[in-house]
Amino acid sequence: MSRVPEKPTIDGVEARFVKQWEQDGIYRFDRTAKRENIFSIDTPPPTVSGSLHMGHVFSYTHTDTLARFWRMRGKSVFYPMGWDDNGLPTERRVQNFYGVSCDPSLKYVAGFEPPFRGDPPKDAKPVPVSRPNFIELCDELTAQDEKVFEDLFRRLGLSVDWSLLYTTISEHARRTAQSAFLRNLERGEAYTQEAPTLWDVDFGTAVAQAELEDRERPGAFHKLKFREADDESKSIIVESTRPELIAACVGLVAHPDDARYQHLFGKNALTPIFGVEVPVHPHPLAQPDKGSGIAMVCTFGDLTDVIWWRELNLATRPTIGRDGRFVAQAPEIMSAQAQTQYARLAGKSAKQAQTLTVEMLRETGELTEDPRAITHPVKFYEKGDRPLEIVTSRQWYIRNGGRDEKLREKLLARGDELTWHPDFMQHRYANWVGGLNGDWLVSRQRYFGVPIPLWYRLDKNGEIIYEHPLVPAVGQLPVDPSTDMPQGFTPDQRGAPNGFAGDPDIMDTWATSSLTPQLAGHWVDDSDLFERIFPMDVRPQGHDIIRTWLFSTMVRSNFEHDVAPWKNASLSGWILDPDRKKMSKSKGNVVTPSDLFDQYGSDAVRYWAACARPGVDTAFSEDQMKVGRKLATKLLNLTKFVLGAGSNETTTSTGAQPKDLVDQAMLVRLAEVVDEATTALEQFDYARALERTEAFFWWFCDDYVELVKTRAYGETQDSSSARVSLHRALSVVQRLLAPMLPFATEEVWSWWQSGSIHRATWPTTAETLAGFNAASDVVDGLDAICLVLGAVRRTKTEAKVSQRAEVAKLVITADAKTVAMLQANLLDLRNAGSLQEIEFVVSDSNSEPTNLSAQVTLAAPLN
RNA sequence: GGGCGUUUAGCUCAGUUGGCUAGAGCAUCUCCCUUACAAGGAGAGGGUCGGGGGUUCAAGUCCCUCAACGCCCA
C-alpha cells in the first residue's frame, strides 16, 4: 500500500488537488442537511474591478480555515463566493475599458457594440449608452475579472462551493435589492425627504455618513467685520474659514453663557459686502474658544450649520449649486447693490469664490487682518477629491436609528446577539451606532447600479407628486424605471402632465451589499434554502467596514427578519508593510499573491496568514512563509518515514495497542493538543490551534520519533506499540493541520488513506487515547527521559562530536520513583543516545526539590 | 475631545482564570553530511516584560497613573 514518492515535494500539488477537489465535489454544500448540521458563512464579496492583494489572501484564508474545521466536524458548510460588481470601481472600469458612459434616458439597443474593447485613446469621447446596455457590458467585462479571481482563490485552496456563486449587479441581485427596498417602503422604514445632504460636486451625487472621511487640509481663518444693525458703527468680528459663504449667511450664533455677546442675542447684524440683516442667536454648540467665539451660520457650510438652521428656524439661502459652483441667482433678500456684488461670484467654484471674496472684503475694508493659515479637518467623500458641499435635495432614506432613539437601542441590542471575535470589536459597532446623526441615505445620483424601483405621478402641470409613488408588482422585478413602465400607464405618458416619471436614481451599493445573506441564500426565490442557512453562523470581514457593511446588514435583517443576521462576527486585521505602515499598492514593489504561491507554495502563504491572531494587524512576512514551507516539507518527510516504518501490513491489522510508556505518554500529550486545538477553533481562533499543533509536531519529530525509531524499525524487538502509536499520531496530526495546510495534508493523506482528508472526521481525544489506560504520571516519565536525552545531546554538542557518538557511561541521579521508571523504560533512551553503560543513583528522597541530573562520559573517539 | 487596541529578545510574536528559572520562530554564533528530511539535526548567546506607583505570600498577568504608536468616531 505504499504510495510514498521517493522524493516528496509540495511543489505542484496545488494544480493536482484543485482539479481533483472540483471533480469529486468535496466542498459541495448538502442542501438537504438540517439547520443544526449546517455551518453557513456570509463571505465578503470582493470588488472584482480591483486586483486581489495580500489582504484578501490573508482574511479569506482565515475564513477557509474555519470552514474546513467545521466541515471535518461533520457540518454541511455553506460557503459561497460573491463578486461585487455593483459600484463606482466597476462603473469606472467599464467606462474606461469600452469608452462608454451610462445615460439612463437612452433606450436599450440590442446587440450593441462598444466603440472599444480595452484602451480607448485618451481623447476619445465616451459614447452614451442605456443603463441595460451598460450593465451588459459590465457583465461581459467582470466575467473576465471573475475568472482571474476564481483561479487565484482556488489556488489559495479556498474550499468554496463555487456553484453558490452570486454577484451584486445580476438580475437576481437587482430583484433582491429592489424587493427588500419595496418591503422597507411598505413598512415605513424607507422614506423620501427634501433635506440638506452631503454632496460630492465631482461625482454629482449625495453621499452617506458612512462614506465620509475627515482629511486634514490647509485653510485660513478670516476675520470678518459684521456690523450691528442698530448701530452700524459697532462691529462684530466673526472668524470664518469659508468667507465665500457670506452671501449664504443666515445668522450668527454664540454660546448662551458667552458674556461678550449677551447684548446681541435677539438683535440683528449686517453681513459684510452684502449688508444683509441676519439674526444673532445663542446656541450651546457655539464654541467660545474658537476664533472670536461667534460663528456665522450659512446655507450650508458644515453639518453644524444644518443643526443651527434646523433648531433655530433660520432662513435658507443656497449659493453653491450641485456642480460646486455659485448659482447665478443671488438670494432674494439682497439689495440691488448687493446683487451686483454677488454677480461677481456667480459661476465661480468655491475656491475661486474664496479668493475673490477676500479681494472684495479688502475693497470694503471688512477684512480686519490678513487671513491666518491653519490646518483643519475637512469632510470628504472617501472616493472623492474635493471637499463635500451641503446642498438641499430630495433623497431616499432607510431608518437606521440615527433619528430614532428606540430603533437605535434595538440595533445596539442586536449587537449583543452576536459573538464578536475578538470581542473588543463590538465597541466599534456600539461606537458607530451611538454616534449616528441621521438616517441612512440610500439614493445616489449615479447611473450604474440597482435603480430605485419607483415611479411618481405627475400633476396637471407635469410636476412630480412624491407622496404616493407607483410601485412595481413583485413579479415585475427587477425593474428599471427609466425604461420600464408602471402598471396602468402607457409609454407616451412618461414625463407628460398627469402622466408619470421614473425615479432617476440608483441605490447606494451598500443597499445591495447589506443583503449578502439574502443574495447568497436566495431569499427571494428559494425559501427552503434560505431557512436552512439563515441566520448565518458567521460574518467574516475587515474591521474597517463595521460601520458600513456589518451595520447596514444588521439594519436590513433587523427590519426584514427581526433577528441579527449571524451568530458570530469574525474581524480580520490588516496587512502592514514590514515597516508597519498599511500595505499600499503605490510602493512599486508590490508582491502579487500568485508570485508568492509560485515561490513558496499556497500552504506556506496560508501558514503566514493563519499565524496571525484574529483581528490583529499583521506585518507582511516572507520569512513566515518560509517557515510554513518548512513545516509542509517536514510533514511530507515525516509521513514518508512513518509509513516506511510500518510498511509491512502487520501494524494496524493485528489490533496492536500502545503499551510502552513513551508511546502512551506521547499520545496523552497529543490528546491535550487535540483538545486545545478543537476548543480554539470552536472559538474561531485558528492561530492558537495552529500554534499548539505545530509545537507538538516539532517535538514529535525531534524527540519522540528519535526515541522510538530504532524500536519501530527493529526486526528483533516488539515494534507493534511504537508502530501503532506512530500511525495513530500521524493520522491525528495530519488532520489537525488540514484546515491550515490543505494541500500538503491532502498529499500525505493520499499516500496511505482513501478519500480526501478534508472529508475525514476531525480527530478526537477518544480515538487518540483508545486501547490503553495511561497511568497518571506517564507524561512525567516521558519528560524525565527527554531531559536525560537533552543532557546527552548537550554533552555531545559541547564536545563537538556527532550525535551518533557513543556514550561510554551515563550516571543518572534522581529520586527513587524516577529511577524505577527510567530503569523500566531504558530501551528507547539507550537507542537514541547510543548509550553503553548506565548507572543510577537514587538521591535522598528528603532533599527537595528532587532534581534529575545526568552525568555523561563519552567514549574515546575512534578516529 | 471621546472610544478601542498595541507596547515582552536585534526582528515578528506567544504567554487563556495571578503561581516552576519569562517562551517560540526568524536572525546571530558553534557544532554534526545521522540510512525520513542538509529544504535537516544538536546546542549557545541574547530580555530590569514601555515608565512610575499600588494590591498580594507571589504581578508580564490585577488596579491607578503617565508616555509613545496605531485605528475608529467627533
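Numbered from 1 within each chain, the chains take letters A, B, ... in sequence-line order.
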Suppose we screen for salt bridge (Lys or Arg N to Asp or Glu O under 4.0 Å). Which residues come up paired with [X], at least two apart in sequence or across chains?
| X | result |
| --- | --- |
| R414(A) | E417(A), D562(A) |
| E682(A) | R73(A) |
| K630(A) | none |
| E676(A) | R692(A) |

How is R688(A) classified with respect to the nucleic acid when contacts are heavy atoms under 4.0 Å: base, sugar-phosphate, or nothing?
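Result for R688(A) = base.
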Pair listing, side chain to side chain donor-acceptor pair (under 3.5 Å) test, anchored in residues 785-796 of chain A, at least two apart:
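For residues 785-796 of chain A: D703(A)-R793(A).
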Name each donor-acceptor pair under 3.5 Å that joins a side chain in residues 732-741 of chain A to protein atoms two or more places apart or in another chain, with its distance.
unit_1, atom_1, unit_2, atom_2, d
Q734(A), OE1, W752(A), NE1, 3.1
Q734(A), NE2, T639(A), OG1, 3.1
R735(A), NE, S731(A), O, 3.2
R735(A), NE, S731(A), OG, 3.3
R735(A), NH1, T761(A), O, 3.0
R735(A), NH1, E767(A), OE2, 3.0
R735(A), NH2, S731(A), OG, 2.8
R735(A), NH2, E767(A), OE1, 2.8

Distance, P atom - from G51(B) to G10(B), rounded to whole angstrom
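Rounded to whole Å, the distance is 14 Å.
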For atom CD of E691(A) and atom P of A24(B), their distance in whole Å
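For the pair E691(A) CD and A24(B) P, the rounded distance is 12 Å.
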Between N or O atoms, less than 3.5 Å apart, protein on one side and nucleotides 40-43 of chain B on the other: list the pairs.
unit_1, atom_1, unit_2, atom_2, d
G40(B), O3', K634(A), NZ, 3.1
G41(B), OP1, K634(A), NZ, 3.0
A42(B), O2', R793(A), O, 3.4
A42(B), O2', T797(A), OG1, 2.6
A42(B), O2', Q803(A), NE2, 2.7

Taking the inter-plane angle between the rings of F700(A) and Y704(A) on a 0 to 90° scale, is it parallel (under 30°), tilted (30 to 60°) or perpendicular (over 60°)?
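F700(A) vs Y704(A) ring planes: parallel.
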My understanding is that only residues two or more places apart in sequence, or in another chain, count here; which of them pass side-chain contact (heavy atoms from CB on, under 4.5 Å) with I545(A)?
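For I545(A), the residues satisfying side-chain contact (heavy atoms from CB on, under 4.5 Å) (neighbours in sequence not counted) are W510(A), Q541(A), T548(A), W549(A).
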Salt bridge (charged side-chain N to carboxylate O under 4.0 Å, His left out) contacts touching residues 420-439 of chain A (sequence neighbours left out)
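Listed by first then second residue: nothing to list.
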Salt-bridge test for R669(A) and E672(A): reply yes if a basic N is under 4.0 Å from a carboxylate O, no otherwise.
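Result for this pair is no, no salt bridge flagged.
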What residues in residues 732-739 of chain A put a non-hydrogen atom under 4.0 Å from any atom of RNA chain B?
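Listed by number, there are none.
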Given Watson-Crick or G-U pairs with both distances under 3.5 Å, what dot-bracket string fits RNA chain B, with | for other-strand pairs and [ ] for crossing?
(((((((..((((.....[...)))).(((((.......))))).....(((((..]....)))))))))))).
Measure all distances between protein nitrogen or oxygen atoms and nitrogen or oxygen atoms of nucleotides 71-74 of chain B, and list the pairs falling under 3.5 Å.
unit_1, atom_1, unit_2, atom_2, d
C71(B), O2', R428(A), NH1, 3.3
C73(B), OP1, R547(A), NE, 3.0
C73(B), OP1, R547(A), NH1, 2.3
A74(B), OP1, Q209(A), NE2, 3.1

